[in-house]
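Data first, discussion second: the structure below is written as structure tokens.
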There are 2 protein chains.
Amino acid sequence: MPISAYNGAMARAASTTDAFNAVAEPRRRQILDLLSAGERPVNDLVAVLGLPQPIVSKHLRVLREVGLVDVRDLGRQRVYCLNGRHLKPIHDWVKAYEASWSRRFERLDGVLEELTDQEFTGQQEFRKKEDRHGSDGD
Amino acid sequence: MPISAYNGAMARAASTTDAFNAVAEPRRRQILDLLSAGERPVNDLVAVLGLPQPIVSKHLRVLREVGLVDVRDLGRQRVYCLNGRHLKPIHDWVKAYEASWSRRFERLDGVLEELTDQEFTGQQEFRKKEDRHGSDGD
DNA sequence: GTGACATATGCCGATATCGGCATATAATGG
DNA sequence: CCATTATATGCCGATATCGGCATATGTCAC
């Protein structure tokens with residue numbers, strides 16, 4: 001029995017419940033980008049984005065539920081502003097992979113996709129399962 | 001006419017076509033995490049993750065289509081390895097928001113969510129739409 | 001209060017996602 | 001060749017997502 005035992009009951013994992021998902025939607029990112037320049041009322045976003053207002057409101061709702069934006073009532077307007085706090089986990093996660101694109105993998109950039117195991121492991125010819133990942137340690 | 005003119009034809013934006021989406025799935029992140037320690041054949045991932053093999057293969061497929069992993073044939077095994085290149089756009093995107101959680105918003109950390117516009121703009125009392133985002137320029 | 005403005009919501013349909021399962025494909029070993 | 005191992009795929013059903021539209025809610029102006 002492996003590690004996590006696999007709870008095979010839910011038809012789907014998470015959804016729009018975390019920052020990762022919220023940000024997976026391009027429009028939502030666009031909204032955040034706009035808000036990063038400063039707070040804006042919905043109408044402003046609607047105008048700039050060129051989307052129907054309900055759509056924008058819905059995206060804002062998702063962003064809000066995830067905590068990526070805060071709202072403030074201003075008369076009959078609702079002013080949204082960025083709250084980058086929940087963006088940090090994402091940053092922390094990707095940052096751990098920084099090494100994989102900066103240097104060291106650089107030269108493999110397109111090469112890895114081209115070369116076959118033939119070319120790559122030409123002399124070794126290992127097909128016994130024992131070798132499969134004998135040297136994980138990078 | 002605003003900026004993007006809004007193409008109101010598609011029922012959905014992107015999907016599993018970009019790194020943002022691929023990474024929005026927790027299991028997929030988990031797989032990448034495992035692969036960041038070194039390449040692994042599918043079976044290994046299956047064992048560690050405790051998920052049914054088809055599920056893992058499907059997630060790997062998504063990751064592959066987005067370019068986040070590369071595959072190598074090794075006898076009857078398929079060895080997957082991380083390819084962090086397509087993670088960089090994500091990193092670049094979030095990094096731009098770094099300031100929003102590091103300092104300056106730090107002290108507002110939980111406060112912002114608590115205080116209402118009343119408390120916050122107590123003395124100003126602006127409700128005319130002209131002020132709504134007068135000082136965007138941060 | 002009535003009406004205009006600003007925004008949020010609800011319902012709908014199309015589509016996409018994800019897991020489950022069976023099965024296809026491919027390579028290996030006897 | 002056949003069985004086994006390793007992995008990929010296809011189909012299914014449940015559910016979630018997203019846009020479109022109408023409409024509810026709330027606020028301000030008159």
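A note on names: the letters A, B, ... follow the listed sequences, proteins ahead of strands, and every chain is numbered from 1.
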Aromatic ring pairing A:H91/B:W101, orientation class (parallel under 30°, perpendicular over 60°, tilted between): tilted
Between D:dG26 (C1') and A:L74 (CG): distance, integer Å: 14 Å
Any B:R78 side-chain N or O less than 4.0 Å from OP1/OP2 of D:dA8: yes
Value rounded to 0.5 Å, distance of CD1 in A:I55 from CG in A:L49: 11.0 Å
Over 12 foreign heavy atoms within 6.0 Å of CZ, A:R64: no
Nearest-angstrom distance from the residue atom CZ of A:R27 to C1' of D:dG19: 9 Å
Between P of C:dT25 and CG of B:D73, the distance in whole Å: 17 Å
Atom pair distance, as rounded to whole Å: CZ in B:R76 and C1' in C:dT25: 14 Å
Whole angstrom value for the distance that separates C1' of D:dT17 from CZ of B:F20: 19 Å
OP1 or OP2 of C:dA6 under 4.0 Å from side-chain N/O of A:Y80: no
Touch class at under 4.0 angstrom, heavy-atom based, for A:R28 against every strand present: sugar-phosphate
Nearest-nucleotide comparison on DNA chain D, the residue closer to the 5′ end among B:K58 and B:V42: B:V42
Distance-only donor-acceptor test (3.5 Å): side chain A:Q53, base C:dA6: no
Distance, rounded to the nearest Å, where B:L63 contributes CG and D:dA8 contributes C1': 15 Å
Nearest-angstrom distance from the residue atom CZ of B:R61 to C1' of C:dA24: 14 Å
For atom CG of A:N43 and atom C1' of D:dG26, their distance in whole Å: 15 Å
Check against side chain to side chain contact (heavy atoms under 4.5 Å, CB included), A:R78 and A:D73: CA-CA 5 Å; A:R78 307 209 75 193; A:D73 262 39; 3.0 Å; yes
side-chain N/O B:H59 vs C:dT17 OP1/OP2, d < 4.0 Å: no
Side-chain donor-acceptor pair present, B:D33, A:Y97, cut-off under 3.5 Å: yes
